[in-house]
Amino acid sequence: MKHFLRVVTQFFVFLYCKCLWRGLKFVTRKFTGRCELQRICYGNKPGARRTLKIESSLRYSKYELLRSALSVHPDQVEKTIDDIMALKKINPDTNPQLGVSLQASLLQIVGYRSLMAEVEKLRREPYDSENAEHESMLMKLWKELRPDTPLTGRISKQWCEIGFQGNDPKTDFRGMGLLGLQNLLYFAEHDRAAALQMLQDSLQPKHKYSFAIVGINITDLAYSLLVSGALKTHLYNVAPEMAGLQHFQQIFCYLMQEFQRFWIEEDPSDIMEFNRVRSKFHRRILRQLKNPDMALCPHFSASDLHLVNL
Amino acid sequence: MSKFVVCSVIFPAIIISLFPWKNEPCHCLLQGLLSILRKLKSTPDQEVRILLLGLDNGGKTTLLKQLASEDISHITPTQGFNIKSVQSQGFKLNVWDIGGQRKIRPYWRNYFENTDVLIYVIDSADRKRFEETGQELAELLDEEKLSGVPVLIFANKQDLLTAAPASEIAEGLNLHTIRDRMWQIQSCSALTGEGIQEGMNWVCKSVNSKKK
């Protein structure tokens with residue numbers, strides 16, 4: 001009986017909160033003459049603060065149109081915003097900035113979803129040694145990381161020098177598939193100096209680890225940050241509209257360098273401490289991303305940053 | 001407007017006066033006491049330390065995640081080790097999965113102490129490395145700290161067409177010459193989960209018979 005009463009109480013409290021929330025929204029709307037979306041856009045500067053609020057406002061809206069806007073196709077964003085403005089009876093002529101702001105935010109929101117789909121597709125594509133494209137990417141990775149040493153053969157002990165486990169890297173990509181390889185290659189190509197430095201540091205006897213394997217592990221970390229939605233803060237702050245795969249790859253480069261720094265700071269006695277350090281690092285990044293003004297600052301050259309802003 | 005006043009002020013007042021909030025702390029305390037009593041009553045599970053070893057890419061981590069009923073779709077090569085506790089047949093199995101990469105193998109010995117059962121995982125489709133995996137196994141069986149420890153060999157990856165059958169692997173590894181301990185070879189697929197339960201049943205059985 002007691003249990004039943006508790007459930008009933010909880011139900012009424014929930015109903016009450018819902019009523020109160022709707023009531024409050026109704027009153028503020030009457031007082032300010034603006035709907036919630038307008039208030040969010042006027043009260044918050046562009047970036048994660050604004051977009052995160054818009055996202056939750058849309059998600060919990062009572063209108064089907066607003067809720068479904070979250071999963072709309074990127075090409076439909078403009079039309080959806082017009083529909084929302086019409087539904088909310090907002091005059092676009094008196095609020096010219098609002099439509100633009102809403103559109104940018106909605107693009108960020110649907111962009112995150114499409115980035116997730118893109119990353120997932122790459123992850124699910126297993127490394128295939130019969131595929132010439134995959135093979136040439138792997139060879140390119142070697143050339144970038146070991147420009148002065150030619151590879152003696154496709155199956156070679158040399159792969160261990162850049163931190164694969166054995167003679168043939170193909171079995172090391174595992175659950176990260178092509179995503180792991182693409183990330184490593186992006187790091188080696190676009191942030192070459194940092195990657196080479198990190199590779200060299202990974203061979204120091206004191207803080208030894210396997211560069212490529214750690215790269216695949218950090219890919220898993222970046223992937224889980226993306227899937228859990230933790231990267232929204234960063235991407236909404238960094239990408240003014242839709243985020244692309246290169247944003248994800250830059251996050252990977254940042255995480256690699258931060259991890260290297262963290263690893264040395266933690267001063268582990270040997271590689272067996274890897275998972276302990278990794279989960280501590282994961283928690284630290286999650287904590288950082290809780291701050292809506294946070295952006296994981298990739299140390300990129302100006303030309304690459306320009307690419308981001310396009 | 002009057003509707004709003006009714007909603008936000010009078011309605012909650014009625015609810016609060018209707019329900020016995022004051023009883024809640026008492027209720028929680030009672031439940032807490034009950035749960036403590038319940039815990040005291042049941043005997044704690046016996047802990048079993050299981051060591052999961054084998055070459056890299058053998059499927060140790062996949063096996064571990066299967067045992068713990070976790071998602072196996074994004075596994076990465078193990079740097080260091082993973083550990084999970086699984087309840088099974090009245091035992092608390094603490095399973096240690098240590099990376100199998102050549103560079104990590106020297107660290108295996110740090111985990112030998114107090115091991116109750118050794119599980120050795122073999123990639124049945126990787127015929128090129130049968131010799132290497134046999135050597136590693138032979139070295140493990142010679143270890144003083146592992147003497148008399150029952151060993152279960154999982155002939156993994158039976159879902160692959162090219163996989164060698166367990167009998168062939170047993171012969172290749174000369175398993176029948178093991179006399180100083182209980183041993184068992186079990187064909188399995190960590191990917192589909194086939195054969196794992198049979199293997200774990202043997203593990204629990206061997207722990208039971210060792211106790212006696």
Side-chain angles (χ1 to χ4, degrees), chain A residues 2-3 5-6 8-13 15-20 22-24 26-27 30 120 123-124 155 157 160 163-168 170-177 179-180 208-210 212-221 223-224 227 268 270-278, chain B residues 1 3-16 18-21 23-24 26-28 30-31 55-59 61-62 65 71-83 96-108 110-111 123 125-126 128-129 132 157 191:
Chain A
K2 258 183 181 169
H3 184 70
L5 278 180
R6 266 165 79 119
V8 173
T9 323
Q10 272 168 3
F11 177 68
F12 275 108
V13 168
L15 268 187
Y16 166 61
C17 287
K18 210 171 161 159
C19 283
L20 192 67
R22 290 250 184 269
L24 257 172
F26 177 76
V27 169
K30 287 286 165 220
E120 180 66 16
R123 187 189 71 80
R124 279 178 186 272
I155 310 282
K157 275 227 163 65
C160 294
F164 283 103
Q165 293 200 99
N167 300 339
D168 190 350
K170 79 168 186 201
T171 58
D172 286 342
F173 295 108
R174 311 228 179 130
M176 288 300 122
L179 187 67
K208 221 172 177 174
Y209 58 87
S210 303
I213 297 300
V214 166
I216 293 163
N217 264 289
I218 297 294
T219 299
D220 179 44
L221 191 128
Y223 170 78
S224 64
V227 171
D270 54 48
I271 188 65
M272 301 316 274
E273 294 204 52
F274 179 80
N275 278 330
R276 179 188 68 79
V277 176
R278 182 194 188 274
Chain B
M1 205 63 192
K3 212 171 156 189
F4 173 69
V5 172
V6 172
C7 271
S8 65
V9 184
I10 301 172
F11 199 34
I14 294 171
I15 292 168
I16 291 172
L18 264 181
F19 292 98
W21 290 93
N23 278 344
E24 194 142 56
C26 291
H27 188 65
C28 285
L30 199 70
Q31 269 199 338
L55 302 190
D56 53 278
N57 199 38
T61 308
T62 310
K65 297 230 168 184
D71 180 21
I72 56 165
S73 70
H74 28 88
I75 281 170
T76 53
T78 308
Q79 285 279 286
F81 66 92
N82 300 301
I83 175 171
W96 295 72
D97 154 39
I98 324 278
Q101 180 185 0
R102 194 178 276 279
K103 280 186 199 152
I104 293 182
R105 286 179 218 161
Y107 295 103
W108 283 1
N110 300 348
Y111 299 84
D123 176 353
D126 190 4
K128 277 187 212 142
R129 295 208 291 170
E132 188 182 346
K157 306 204 184 178
L191 200 69

Rounded to the nearest 0.5 angstrom, the NE2-OG1 distance for B/His74 and A/Thr219 is 13.0 Å
Honestly, the part of B/Ile98 sitting under 4.5 Å from a heavy atom of chain A is side chain
Applying a strict 4.5 Å limit to non-hydrogen atoms, the region of A/Arg123 in contact with chain B is side chain
dist B/Ile104:CD1 -> A/Phe274:CZ (nearest 0.5 Å) comes out at 9.5 Å
Note: B/Ile75 and A/Arg174 closest approach over all heavy atoms is O-CB, 3.3 Å
Closest non-hydrogen contact found for A/Phe164 with B/Gln101 is O-NE2, 4.1 Å
Here the pair of heavy atoms bringing A/Gln165 nearest to B/Pro77 is NE2-CB, 3.5 Å
One should read off an interatomic distance between A/Ile271 CD1 and B/Tyr107 OH, to the nearest 0.5 angstrom, of 7.5 Å
Closest non-hydrogen atoms of A/Asn275 and B/Phe81, given as atom of the first, atom of the second and distance, are ND2-O, 2.6 Å
dist B/Asp126:CG -> A/Asp168:CG (nearest 0.5 Å) comes out at 10.0 Å
Answer key: most heavy-atom pairs under 4.5 Å with chain B among A/Asp172, A/Ile216, A/Asn217, A/Val214 is A/Asn217
**Prompt:** Is the number of heavy atoms from other residues, nucleotides or ligands within 6.0 Å of CZ (A/Arg276) greater than 12?
**Reply:** yes
Correct closest heavy-atom pair for A/Ser210 and B/Lys103 would be OG-NZ, 4.2 Å
